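Before any comments, here is the structure.
Bear in mind the structure is a predicted one, so any value in this text is a computation, not a measurement. Read the numbers this way: they start at 1 and go in the same order the structure lists the ligands and their atoms. Atom set for the values below is all heavy atoms of this structure, side chains included, hydrogens, waters and symmetry mates excluded. The first residue of the sequence shown is numbered 1, and numbering continues consecutively from there.
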Amino acid sequence: MHQLTLAEIARGLADKKFSSEELTKVLLARIAQLDPQLNSFISLTEDLALQQAKAADARRANGESGALLGAPIAHKDLFCTQGIRTSCGSKMLDNFKAPYDATVVAKLAAAGAVTLGKTNMDEFAMGSANESSYYGAAKNPWNLEYVPGGSSGGSAAAVAARLLPAATGTDTGGSIRQPAALTNLTGLKPTYGRVSRWGMIAYASSLDQGGPLARTAEDCAILLQGMAGFDPQDSTSIDEPVPDYSAGLNGSLQGLRIGVPKEYFSAGLDPRIADLIMASVEELKKLGAVIKEISLPNMQHAIPAYYVIAPAEASSNLSRFDGVRFGYRCEDPKNLEDLYKRSRGEGFGPEVQRRIMVGAYALSAGYYDAYYLKAQKIRRLIKNDFMAAFNEVDIILGPTTPNPAWKLGAKNNDPVAAYLEDVYTITANLAGLPGLSMPAGFVDGLPVGVQLLAPYFQEGRLLNVAHQYQQNTDWHTRTPTGF
Ligand code: GLN
């Protein structure tokens, strides 16, 4: 039963082949058995899950239906869940029980989804390996000595290991797409403003966006449907109608114009990944797509710009964790200043402290113009590159990451080496565009992802292309040994 996708679960529940309660018990038992190897969950919510599953079964018995009614999921541990620990992967919030549900959590619960738990993540979503978590690294089910990617590494590891069919994630610079690529999943970062950020603990507010991680594009469509939509409580949420994503999956790709940026195939890209990306292009050609070489000339400036803007916003967002209002407080503070300093010094891990310092520096008087303002200008140039490209093509295709997963600890002493892994993903966040990663093959037994980018609010186009690709390839069906 643990092999079922969301779409198959919806059919099984509708056909009364099993109940949500039965399925939930099977998955909870599987998590108890296998998660000790993976460390993909920070908290399990067994009681809530069984209660939600029973309620979903009762709703179905009363004639209700819906693709998410009774479907088991999990939330990245930065979505606030009422009365349940919401740690953000940090000692700072280890004792924090959110007093309310994030909009995404509330919407999915209303649609009947069953929450099995809260997944592991890099501390405050800062990272690409899930190694900055206060709760320890999550492991990649394809090889337990390798990272699953980050920062939504727990969601990715759990779904890839078939502990559950789908989970939420968030993506500030790649944290849905990159772990999806590294664990053979499909992951979608929506357009900025498509999914409410209310109750999603902020890292870099102008970049953060929640989205689905699942095995198939079909399942991402189902989960996104439950997450997307205008929310008056988020001032950056956009009041655009939400299309029926599942209904759009079967559109023909005849004549679809795919742009492949020449800058993507630079020296930093593993040549074996380049080959797999070109193989996926050939596959899409067979389905009727036409390929065009394009250029994104400012791409080389994306990493430096992102690693100024994201820490700058983080330094401001994380100032609320002061040891006074909520979260961790140091023992026996001598005075107020000691309270602030030690609570933050003891509560935040090294990567978070590094980013707060970089961000505060970039925003400080005298440096603001040289760093933050400059980075914002680069951000606009990157957006302009995309706008020009989308005048010529419908989709942009390339690798999700320059390398496959790396060994646990391999990049721990070199934060910049990890930052460079974000080269293909962060431009979509800087421009606010939607992006999807889907399985495209393997290198040394480790999964490789192909990334698709589309114009604003064209999530449906991404899902359509990915679904058609998945109807004609079987990379996404491969299962890690032992799971
Ligand atoms: N790896 C990037 C960072 O560390 C992206 C993280 C994310 O998307 N949350 O900032």
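- Note on ligand 1: A310 sits outside its first shell, no heavy atom being nearer than 4.0 Å.
- Using a cut-off of 4.0 Å between Lys/Arg side-chain N and Asp/Glu carboxylate O, D94 and R85 are scored as salt-bridged.
- In terms of protein heavy atoms, atom 6 (C) of ligand 1 is closest to S175 OG, 2.9 Å.
- Between D171 and K189 there is no salt bridge, since none of the side-chain N atoms of the basic residue sits less than 4.0 Å from a carboxylate O of the acidic one.
- At least one N or O atom of G174, backbone or side chain, sits closer than 3.5 Å to an N or O atom of ligand 1.
- Geometrically, ligand 1 and T170 share no nitrogen or oxygen pair separated by less than 3.5 Å.
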| said: Test salt bridge (charged side-chain N to carboxylate O under 4.0 Å, His left out) on R344 and D322; report intermediate values, then the result. | reply: CA-CA 6 Å; R344 288 169 66 80; D322 55 6; over 6 Å; no
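- Taking the six-membered ring for Trp and thresholds of 30 and 60 degrees, Y100 and W198 have ring planes inclined between 30 and 60 degrees apart.
- A salt bridge links K411 and E421; the closest N-O separation between the charged side-chain nitrogens and carboxylate oxygens is under 4.0 Å.
- Look at R197 and D231 and you find no salt bridge, because none of the NZ, NE, NH1 or NH2 atoms lies under 4.0 Å from a carboxylate O.
- Residues D369 and K374 are not paired through a salt bridge, judged by the lack of any N-O separation under 4.0 Å between the basic side chain and the carboxylate.
- Residue R355 touches ligand 1 through its side chain alone, judged by heavy-atom distances below 4.0 Å.
- Only side-chain heavy atoms of Y203 come within less than 4.0 Å of ligand 1; its backbone N, CA, C and O stay farther off.
- Looking at F124 against ligand 1, nothing comes within 4.0 Å, counting heavy atoms.
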| For F321 and F124, what are the C-alpha separation, side-chain angles and deciding distance, and is it a ring-ring contact (aromatic ring centres under 6.0 Å, His included)? | CA-CA 12 Å; F321 303 105; F124 283 95; 5.0 Å; yes
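- Every atom of ligand 1 with a heavy atom of Y307 under 4.0 Å away is listed here by number and element: 1 (N), 2 (C), 3 (C), 4 (O), 10 (O).
- Closest protein heavy atom to atom 2 (C) of ligand 1: D422 OD2, 3.2 Å.
- Atom 5 (C) of ligand 1 has as its closest protein heavy atom Y306 OH, 3.3 Å.
- Those atoms of ligand 1 that come under 4.0 Å of a heavy atom in A125, given as number and element, are 6 (C), 7 (C), 9 (N).
- Atoms of ligand 1 lying under 4.0 Å from at least one heavy atom of G173, given by number and element, are 5 (C), 7 (C), 8 (O).
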